[in-house]
Protein chains: 2
Amino acid sequence: MANMHEIAKRAGVSLGTVSNVLNNSAKVREPKRTRVLEAVQEAGYQPSQLARGLRRDTTNMIGMIIPDITNPFFPSVVRGAEDVAFSNGYRLILCNTDNDHSKEIVHLNELRTYLPTGLIVIPSNFSDLTAQAESYRRAGTGVVCIDRLPKHWSGDSVTADNKTGAYNATRHLIQLGHTQLATITGPLHLTNAKERLEGFKRAMKEAKLSLAPEYAQETSFDKQGGYSKTQVLLRLIPRPTAIFAGNDMIALGVLLAVRESGLRCPEDISIIGFDDLDLGETTNPSLSSVSQSGYQLGTTAARLLLDRRQGDDGPAKHIVLETLLKLRHSVAPPSQALQASAPTVKRGTKRKRT
Amino acid sequence: MANMHEIAKRAGVSLGTVSNVLNNSAKVREPKRTRVLEAVQEAGYQPSQLARGLRRDTTNMIGMIIPDITNPFFPSVVRGAEDVAFSNGYRLILCNTDNDHSKEIVHLNELRTYLPTGLIVIPSNFSDLTAQAESYRRAGTGVVCIDRLPKHWSGDSVTADNKTGAYNATRHLIQLGHTQLATITGPLHLTNAKERLEGFKRAMKEAKLSLAPEYAQETSFDKQGGYSKTQVLLRLIPRPTAIFAGNDMIALGVLLAVRESGLRCPEDISIIGFDDLDLGETTNPSLSSVSQSGYQLGTTAARLLLDRRQGDDGPAKHIVLETLLKLRHSVAPPSQALQASAPTVKRGTKRKRT
DNA sequence: TTGTACGCGTTATCAA
DNA sequence: TTGATAACGCGTACAA
C-alpha cells in the first residue's frame, strides 16, 4: 500500500510537504499543493491510522464497552454513539462484556493501548472502575459512564431519570385506582434498577400504600426473570392488580406468565415496563412503558467525549435524560370485583372458564 | 504509560530481552525471565497495539461492516463474530453503513489502514466490492461477505440457504390447502431477498399455482413496508389467504395491517416470516418463520477469517447455513368458506362485525 | 542466550 | 514556505 514516501516521490516534494498538505499544518504554495493532491488521488493513498496514532499519541477511535449487544435496548445506544462519532471522523470499537467484570477489565486494559479518543462504558456491575478511569484520564482520554454507574463514580455520566420515570409510572397506576401494586426489579446492584425501585417506593409511600417485601421481587433484566417472578407474585394473597416491571424484557415475561395463568391483561392485571422497546408495540396487548431514548443516551455520551477532546476540562458532568410515560393497552383501572374483595387465584381461574 | 524501556530498566535487562519474554520469541533464562514478568506486573504494562501493529504489519482487529445495528437481525450476527474474535484475542471495529454505499466505501478505505486481521461485511447493496476486496487481499487481509453478496463476489462468503428456506415455507402453506398465495419481498437488489423470492416461486410452480405479478410485492425489509404492501394485497381479488414475508419485520407489518383490516390471523390469513427473531414469539398470534441463526452466521465468518489468518489459502469458500421452518400460531389451513368461493374484502368486513 | 540497532509510517521541530 | 531529521513503541535480524 502506498505510503507518504511514495506520494512525496511522485509529487517531487519532500515528506514534510506532503504531511503539511494533508493536515493543513502549514501553508503550501499552489503548484506543489495540487501536485501532492493529485498524487494522493492517483495512488489511492490513505494515511496509516496506526502510524498517525503512534505519532500523535491518540487515534480516531472511541471504545465502547457494553454488556451485550443482543439485549434489545443497547443497539440504539450504540447506534447513537456511532452516528455522532462517524460524522466527526471517529470510529467505534465495540466490546461486549456479558456482565462479566473480568472481561470488562481485559477490554479496559487493552483498549487503552490503542490510544482512543475516549471511552463510553455501560458498566457490567457495581464494581469500582475509578482506578481504570484514572489511568485513562492521565493519558488525556475521556471516560463516560452511561445508563448505570459503577461504585464511587465521579466522572462524566449520562443516565436516564430512572427514579422520576418509575415514580410517574407507579403514580399513574395508583391514580387509576390500583392499591395492590407489585414490582419486579432488575438486579439491585445495578444503579438503574435500584433507582427505579426507589421511584416506585416513593410513589407508594406518597399514596400511603404499604409494600410488603414479597411484593417487590428482584431478578435479572430479562424475559425469563419476569416470567418466573410473576408466577410468584400471582400466588400472593391478595393478588396484585398491577405490576411495574424494571424493564420491558421483564414486562414481556410478566405478560406471558399472566396470559398463561388464565388472567387477562389489562382487565385483571395492569403492566408497565421501562425502556419503551419497539417490541412493546406489537405484543397483545401492547405494552405501556416508561420511554427513555437509548439513541440519545449514545449521542449525548459521544458528544460529551468530543467536547472533552476539544479541551473542555470543566468538572465532571452528570447529564440526566428525561423519561416519558408511554401509555398503551396494558393498563386499565382495577375491575370492580377486585376492588371490592381481595382477589384470590381462584377468581382468576374462574375467569378463565368464562 | 509504561513502555518497554521502563520494563527493561526496572528488570535490569535490555529491551530485546523484554520483547523475547513477552513474545516467547527466544528462550530467556530463569532469573531474568521472572524479573521481567514481575516488572510487567508491577508497572501494569500493556504493549502498545499501535506500535505492535505498525511493526508486525497487522493488528488484532477485525473490521465488521453492517447496514444498521438497530435492525433486530444484526445484533446476534455481531455477537457471534465478537465471541469468536474475543476468545481468540481479536477485537471488533463496528461500522454501520445505513445501506449507504458511499459510507461503506469510506469505511472500507479507512479500515484498511488499521491493518486489521480481516473484514466481515454485510454488503449494503449489490454494488461491486471486488476492487476493494482485492486491495485487502493484496495486504494479506481476508474479507468475507455474509448474509447477502455484492455483485460478482467471488471471495469467501457465509449465507443462509434462503432459497430452500423460502421453498419449504411456501410448500407448507400449499400443503395446508392454500391456493391464493402472495409474497412481500425485501429489496430485490439484495441477493437474500431475491433468493427467497426464487424459493417461493419454485414451490408455486411445482404446485402448478399461478402467480400474477401483483401478488408479489417488493418493499424495504421493515415493518412499514410490510404494512403498506399488505394493504395493497388485501384489496386484490381474489384476496390471498396466505402471505410469505421476506423477513420477520415485514411479517410484523403484515400482521398489523391484517389485524387493522378486521381480518384474523391465522383464520383468514396465514403469515410466515423469515429470520425467526425473538419478537416473533411474543406477538399475538406468534409468528411462524424460517429460522436462520444470525449468531452462527457471525461465528462462522469469524472462524473463516481466523483460518485464513492461520495460513489457509485454499480457494474461496461459500458456506451455506441451513434454515429450519419454525411453526407457531400464525398459520392455519384456509377456512372452508374461503376455499369454496373467491373471498372479497367485503367478506372480511363482514367478519369484523361478528 | 543476550544486547544493539534499525525500521514500520507518520508528525513535529527546526534550520534553511 | 520548504525540506531534513528525530521520535513515537515495538519486533527482529544480527552481532556479541
Side-chain angles (χ1 to χ4, degrees), chain A residues 1-37 39-40 43-61 89 109-117 139-141, chain B residues 1-37 39-40 43-61 109-116 139-141:
Chain A
M1 213 168 47
N3 58 16
M4 274 181 57
H5 276 100
E6 176 154 349
I7 302 302
K9 208 190 301 175
R10 284 198 192 215
V13 299
S14 82
L15 214 55
T17 303
V18 177
S19 176
N20 285 331
V21 170
L22 263 44
N23 301 294
N24 289 319
S25 37
K27 300 287 169 211
V28 175
R29 267 209 245 290
E30 208 27 79
K32 297 198 172 179
R33 197 182 130 73
T34 42
R35 275 227 303 279
V36 169
L37 257 26
V40 166
Y45 167 79
Q46 297 262 133
S48 161
Q49 296 292 335
L50 250 35
R52 170 175 283 185
L54 185 59
R55 182 59 234 220
R56 289 206 228 192
D57 207 37
T58 180
T59 64
N60 68 343
M61 294 186 247
N109 284 335
E110 185 184 304
L111 276 179
R112 201 179 31 194
T113 71
Y114 282 117
L115 306 181
T117 290
T141 305
Chain B
M1 210 169 48
N3 58 16
M4 276 181 56
H5 276 99
E6 176 154 351
I7 302 302
K9 207 191 300 176
R10 284 196 190 217
V13 299
S14 82
L15 217 55
T17 304
V18 178
S19 175
N20 284 332
V21 171
L22 263 45
N23 301 294
N24 288 321
S25 38
K27 300 286 169 212
V28 175
R29 270 211 243 290
E30 207 29 77
K32 297 198 172 182
R33 197 182 131 73
T34 41
R35 275 225 306 277
V36 170
L37 256 27
V40 167
Y45 167 80
Q46 298 261 132
S48 160
Q49 296 292 334
L50 251 35
R52 172 176 281 187
L54 188 59
R55 182 61 235 217
R56 292 200 200 170
D57 207 37
T58 181
T59 64
N60 68 344
M61 295 186 247
N109 284 336
E110 184 184 306
L111 276 177
R112 202 179 32 196
T113 72
Y114 283 115
L115 306 180
T141 306

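Lettering of chains follows the sequences in order, A, B, ..., and the numbering in each one begins at 1. Model, not experiment: these values are computed from the prediction.
Rounding to whole angstrom units, CZ of residue B:Arg29 and C1' of C:dG3 are separated by 14 Å. If you measure from atom CZ of B:Arg33 to atom P of C:dT2, you get 11 Å, rounded to the nearest angstrom. The OH-C1' distance, from A:Tyr114 to D:dC10, rounds to 14 Å in whole Å. Rounding to whole angstrom units, CZ of residue B:Arg35 and C1' of C:dT2 are separated by 13 Å. Rounded to whole Å, the distance from NZ on B:Lys9 to P on D:dC10 is 14 Å. Put simply, CD1 on B:Ile7 is 13 Å from P on D:dG11, counting in whole angstrom units. We find that CD of B:Gln49 is positioned 10 Å from P of D:dC10, with the value rounded to whole Å. If you measure from atom CG of B:Leu22 to atom P of D:dG9, you get 16 Å, rounded to the nearest angstrom.
Side chain of B:Arg35 to backbone of B:Ala11: a donor-acceptor contact under 3.5 angstrom is found.
Rounded to the nearest 0.5 angstrom, A:Leu50 CG and B:Leu50 CG are separated by 5.0 Å. In this structure, CG in B:Leu37 is found 10.0 Å from CD1 in B:Ile7, a value given to the nearest 0.5 Å.
A:Lys32 has its side chain out of reach of A:Asn20: every pair of non-hydrogen atoms, C-beta onward, lies at least 4.5 Å apart. The side-chain heavy atoms of A:Gln49 and A:Thr59, taken from C-beta on, include no pair separated by under 4.5 Å. Using a 4.5 Å cut-off on side-chain heavy atoms (C-beta onward), A:Glu110 and B:Asn60 make contact.
Heavy atoms of B:Met4 sit under 4.0 angstrom from primed sugar atoms or phosphate atoms, though from no base atom. Using a 4.0 Å heavy-atom criterion, one finds that B:His5 contacts no nucleic acid atom at all. Counting any heavy atom pair closer than 4.0 Å across all strands shown, B:Ser19 reaches a base atom.
Across residues 50-58 of chain B, B:Leu54, B:Arg55 each have a non-hydrogen atom less than 4.0 Å from an atom of DNA chain C (numbered order).
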Do any N or O atoms of the protein come closer than 3.5 Å to N or O atoms of nucleotides 3-5 of chain D, and which pairs are they?
from, atom 1, to, atom 2, distance (Å)
D:dG3, OP1, A:Lys32, NZ, 2.9
D:dG3, OP2, A:Ser14, N, 3.4
D:dG3, OP2, A:Thr17, OG1, 2.5

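Checked options A:Val21, A:Leu15, A:Leu22; the residue passing with A:Val18 is A:Leu22 (criterion: side-chain contact (heavy atoms from CB on, under 4.5 Å)).
Heavy atoms only, all atoms of each residue included: A:Ala51 and B:Leu54 are closest at CB-CD1, 3.9 Å.
The side chain of A:Asn23 places an N or O atom within less than 4.0 Å of a non-bridging phosphate oxygen (OP1 or OP2) of C:dT11.
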> Between A:Val28 and A:Val36, is a side-chain contact (heavy atoms from CB on, under 4.5 Å) present by the stated rule, with each step listed?
Replying inline: CA-CA 10 Å; A:Val28 175; A:Val36 169; 5.9 Å; no
